[in-house]
There are 2 protein chains.
Amino acid sequence: MEDNPAVKTVNRLVEVLDSFSSRRSGWSLTELSEHLDIPKSTLHRFLLALEAHGILQRDPKDRRWRLGYRPLLWGRLAANHSGLQVVARPVMESLAAETGETVLLTVYQNGEVVCIEKVDSPHAIRLAMDVGTRRPPHAGASSKVLMAYLPPDEIEALLQRGLPRLCTNTITDPQALREELARIREQGYAFSMEETDLGAWGVATPIWSPQGEVIAAIGLAGPTFRMSEESVQQYVRLCRQAAEQISRFLIFAHS
Amino acid sequence: MEDNPAVKTVNRLVEVLDSFSSRRSGWSLTELSEHLDIPKSTLHRFLLALEAHGILQRDPKDRRWRLGYRPLLWGRLAANHSGLQVVARPVMESLAAETGETVLLTVYQNGEVVCIEKVDSPHAIRLAMDVGTRRPPHAGASSKVLMAYLPPDEIEALLQRGLPRLCTNTITDPQALREELARIREQGYAFSMEETDLGAWGVATPIWSPQGEVIAAIGLAGPTFRMSEESVQQYVRLCRQAAEQISRFLIFAHS
DNA sequence: GGGGGCGTTCCAATTTTTGGAATGATAATC
DNA sequence: GATTATCATTCCAAAAATTGGAACGCCCCC
């Protein structure tokens with residue numbers, strides 16, 4: 001997947017840890033071996049190494065592998081160090097309260113867009129996206145915003161890679177997407193309607209670092225039946241305010 | 001440190017991530033290279049690999065390495081999956097409220113005792129221990145409790161390894177510690193007074209899994225001037241209640 | 001404009017990881 | 001209680017990955 005100076009073991013570690021999700025908290029050796037297509041002996045050795053460091057642990061009850069205590073420590077540290085999440089959370093909460101829609105915080109990572117924080121809409125019918133979910137960078141408001149502010153050559157590389165259709169309105173033509181990204185940079189926000197999921201819309205604005213780089217996007221998304229022309233404009237305004245507020249906090253956060 | 005089928009890259013990963021702490025959130029390549037005594041070229045390649053997965057990131061401002069977003073995701077998942085922390089937190093909070101002293105949740109891991117959760121005493125003068133702190137298993141109430149319930153051969157191995165003196169009352173004689181551990185198993189709790197830090201005392205009780213294994217310890221600790229014979233007995237009772245409550249919750253937690 | 005610090009790249013030597021096959025352990029079935 | 005599956009664990013020669021010294025490039029400061 002990478003042309004980087006990949007260290008295979010790190011890739012493997014990520015594969016293993018990423019096998020755990022909110023829907024899947026335990027794996028037996030055999031299951032995981034099949035899931036990742038790694039021979040059991042190899043995987044077994046590897047899992048023991050992870051266990052020795054508390055990265056994984058075996059549930060004494062069913063002898064399945066679970067996440068250990070160490071990811072907890074790392075996560076807590078990371079949360080303390082990255083001002084972003086900490087700062088963003090309260091802002092996201094009030095944005096969700098004001099709008100009644102789901103609020104998403106996303107970052108661009110290596111050809112993908114990852115959701116790193118969310119606050120759910122109180123409505124039963126809402127956009128539900130788990131923290132950790134990855135999306136291609138060309139579809140959806142948050143994705144497009146993040147893509148729009150990448151370095152030009154990286155944008156071109158992504159365009160070269162192809163633009164698979166995910167939903168009815170996914171932009172699949174490179175030139176159309178180039179123009180859309182230019183429009184986003186000009187307007188300072190992105191809008192999407194059924195680009196990734198049927199019946200869903202979204203808006204998103206960039207979050208700027210104190211150094212003037214786009215480091216994340218804050219997005220608002222929901223079902224189309226709760227959307228109207230006016231509410232979109234309103235939502236864009238609120239989203240932009242939230243993004244600005246977060247950016248401003250970041251200036252104070254670090255040193 | 002291990003006789004396990006160690007995978008070197010995993011050891012290295014843990015070394016690198018453990019270099020980050022609440023007191024140290026950023027490292028330059030050179031600093032980290034010296035800190036860990038790894039050649040720069042090797043470390044550089046490795047850090048790039050971690051960056052490619054979002055495990056680390058470079059702060060655009062000072063170009064130092066920081067923890068990335070991915071540990072956050074892992075930490076969040078681990079928190080959801082391990083009933084322990086989630087269940088223990090409210091119990092710990094009320095224990096801290098009742099006693100006014102710092103409450104610690106610890107686990108045994110590979111020859112060390114690690115603090116995985118804490119609730120601070122409201123007093124200005126209090127025992128302050130960061131989550132993630134490691135301690136040797138022979139000194140301090142929580143440590144002794146966890147050691148007491150290890151398999152006999154593991155206890156012996158730890159005794160063989162030596163019992164360095166950490167403070168005035170550290171038990172450094174193997175036979176004395178054997179007897180102390182037996183007493184702890186009999187009484188069901190551990191007490192310590194200036195075994196790890198001057199002016200500090202602690203009590204701790206084991207937390208049992210539904211499978212009848214000791215999986216963690218809950219401890220209470222503070223400055224000696226706020227301690228008395230009676231309060232200790234009281235604290236032991238409260239600690240034990242808290243541990244039992246947590247154990248009981250655990251039965252319900254998993255499936 | 002040259003010295004020093006820091007980050008990055010390269011590649012042959014070296015070390016680690018690999019994984020098929022054999023062996024234990026445990027649960028399920030007859 | 002013997003027999004058969006299923007899953008976990010160990011072993012070691014072959015294969016693949018990592019290593020790290022050395023050289024290069026960049027930027028800042030004197």
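In what follows, chains are A, B, ... by sequence order, proteins preceding strands, each numbered from 1. Worth knowing before you read on, the calculation uses all heavy atoms, side chains too, and leaves out hydrogens, waters and symmetry mates.
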Inter-end axis angle, the helix from C/dG1-D/dC30 to C/dC30-D/dG1, with every axis fitted to five base pairs (rounded, 10 degrees): 40°
Ring centroid separation B/Y149 to B/W208 under 6.0 Å: yes
Presence of A/H44 side-chain N/O under 4.0 Å of D/dT9 phosphate oxygens OP1/OP2: yes
B/T42 side-chain N/O to D/dT18 phosphate OP1/OP2 under 4.0 Å: no
Donor-acceptor contact below 3.5 Å, side chain B/R63 vs main chain B/R58: no
C/dT8 phosphate, OP1 or OP2, under 4.0 Å from B/R63 side-chain N/O: yes
Residue B/R58, side-chain atoms from C-beta onward, closest of C/dT18, C/dT9, C/dG7: C/dG7
Considering all heavy atoms, the nearest B/A204-B/C239 contact: CA-SG, 4.4 Å
Listed once per pair and sorted, the salt bridge (Lys or Arg N to Asp or Glu O under 4.0 Å) pairs that draw on residues 137-161 of chain A, sequence neighbours left out: A/K144-A/E180, A/K144-A/E195, A/E156-A/R178
Point-to-point distance, once rounded to the nearest 0.5 Å, from CH2 of B/W65 to CG of B/L47: 5.0 Å
Phosphate-side-chain proximity, B/R12 and C/dT15, N/O vs OP1/OP2 below 4.0 Å: no
DNA chain C-proximal residues of residues 30-41 of chain B, any heavy atom under 4.0 Å: B/T30, B/K40, B/S41
No-H, no-angle donor-acceptor pair, A/R45 side chain to C/dG19 base, under 3.5 Å: yes
For atom CG of A/N11 and atom P of C/dT18, their distance in whole Å: 11 Å
Residues A/R89 and A/E117 bridged, charged N to O under 4.0 Å: yes
Nearest-nucleotide 5' precedence on DNA chain D, A/S28 against A/T9: A/S28
Close side-chain approach of B/E244 to B/I207, heavy-atom, < 4.5 Å: no
Side-chain donor or acceptor of A/T106 paired with backbone N/O of A/V113 under 3.5 Å: no
